[in-house]
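Everything below concerns the one structure shown next.
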Amino acid sequence: MAIIMKNRKIILKSRPAGQVVQENFELTEEELGDPDKGDILVKSNYVSVDPYMRNRMNSFKSYVAPYKVGQVIEGDATGCVIRSNSDRFREGDIVHGSWGWQENAIVKENSLTRINPDMAPESAYLGVLGLTGLTAYFGLLEIGQPSVGETVVVSGAAGSTGSIVGQIARIQGCRVVGIAGSDQKCKLLEKKLGFDAAINYKSHPNVRKPLMKVCPDGVDIYFDNVGGDISDSVIYLINNFARIVLCGQISQYNQARMATGPRLQSLLLIHRVKMQGFIVFDYREKYDEAMARLADWLNSGLLTSQENIIRGFEQIPAAFIGLFEGENIGKQLVRI
Ligand SMILES: NC(=O)c1ccc[n+]([C@@H]2O[C@H](COP(=O)([O-])OP(=O)(O)OC[C@H]3O[C@@H](n4cnc5c(N)ncnc54)[C@H](OP(=O)(O)O)[C@@H]3O)[C@@H](O)[C@H]2O)c1
């Protein structure tokens, strides 16, 4: 094998015991050779960090297999084709794939998609036109089934998924209330992203009271990104025939033991509420259609894409850990 370049990658050094920390990761180096037939050598431009990765760091199987200790952290990334041994991609192509936390990688041609820079900038393919934008789109439209005039509450509202959910709900003619972790985030939601109201949960130990004020007619759709106490408070205000979209439970991901809380099933029963979990991959066949619609909204100014970009390969673990501290506004990316 002719060695053509060095690669730096970040591997899972140990499984987190509760809170994920820097020591769970290690930066290692390897040498990469020429790509075999059907393979492509890519150089990362943007690497995505995502809350779901925390679940893959546990040993038990979820909807995707756990990372192995010593394995590179897989996840979405975009980059440039450096060398191609495939008829489908040429040097210089900008591509999207799931090679993860690596500066360079040799990948199979069928694991890549070419990015269309005319539709949106490269970074958008990891955010508004990527996993989180699609999650917001399908979760709200397919499971939430919004109607004009309904009240939609979104937790994790200033994050990548939440910020898009709120804006799509507004496009659908709903009244939108966001819950987020700082005054700065709440201001952005109200002033820039068109939310009708936003509540900083860190300045309210129980968000039920402030929520009652801004949701005088109750809650028709709750898009749940966080779980825990925040979600319990929202569910107390749920309306008859409401829909609860179970998208994420980030408040629980770093817990060593599963939390217990109030038994809310009676409320769901009395109000005939539909609560449904979903995984965005279930809608894979409709991705192209959704991306085209999201891109239209983006390019017509109806949708604003919010990105939080940190620079430097070594910063990836810190950017990831920061998701659990609420350090990001919008999609957290690392620019390599
Ligand atoms: N079902 C699916 O297919 C699917 C796909 C993608 C993502 N998700 C889920 O969607 C959720 C959002 O993901 P994302 O990628 O868009 O991340 P994100 O919202 O951009 O980032 C995570 C945000 O969560 C908030 N947060 C962190 N710890 C919290 C806690 N203990 N309590 C309340 N809020 C907390 C932080 O904002 P604050 O400052 O507001 O605390 C942080 O900015 C996650 O739960 C993720 O697992 C699900």
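We number each residue from 1, following the sequence as shown. Start at 1 and go down the list; that is how both ligands and their atoms are numbered.
- The pair Lys331-Asp50 counts as a salt bridge, with a side-chain nitrogen and a carboxylate oxygen less than 4.0 angstrom apart.
- When heavy-atom distances to ligand 1 are checked against 4.0 Å, the residues falling inside are Pro51, Thr132, Thr135, Gly159, Ser160, Thr161, Ala180, Gly181, Lys185, Tyr201, Asn225, Val226, Ile230, Cys247, Gly248, Gln249, Ile250, Ser251, Tyr253, Phe278, Ile279, Val280, Leu323, Phe324, Gly326, Asn328, Gly330, ordered by chain and number.
- Residues satisfying the ring pair (Phe, Tyr, Trp, His ring centres under 6.0 Å) criterion with Trp99, sequence neighbours excluded, are absent altogether.
- Judged by distance alone, the side chains of Glu103 and Asn7 never bring a donor and an acceptor atom under 3.5 Å apart.
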Distance-only donor-acceptor pairs under 3.5 Å for side chains of residues 203-213, two or more places apart:
from	atom 1	to	atom 2	distance (Å)
Ser203	OG	Asn200	O	3.2
Asn206	OD1	Arg208	N	2.9
Asn206	OD1	Ser233	OG	3.0

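- Listed by first and then second residue, the side-chain hydrogen bond (donor to acceptor under 3.5 Å, both in side chains) pairs involving residues 238-260 are Arg54-Asn254, Glu150-Arg243, Asp220-Asn239, Asp224-Gln249, Asn240-His271 (not counting sequence neighbours).
- Side-chain atoms of Gln306 and Ser163 form no donor-acceptor pair, as typed in the model, at a separation below 3.5 Å.
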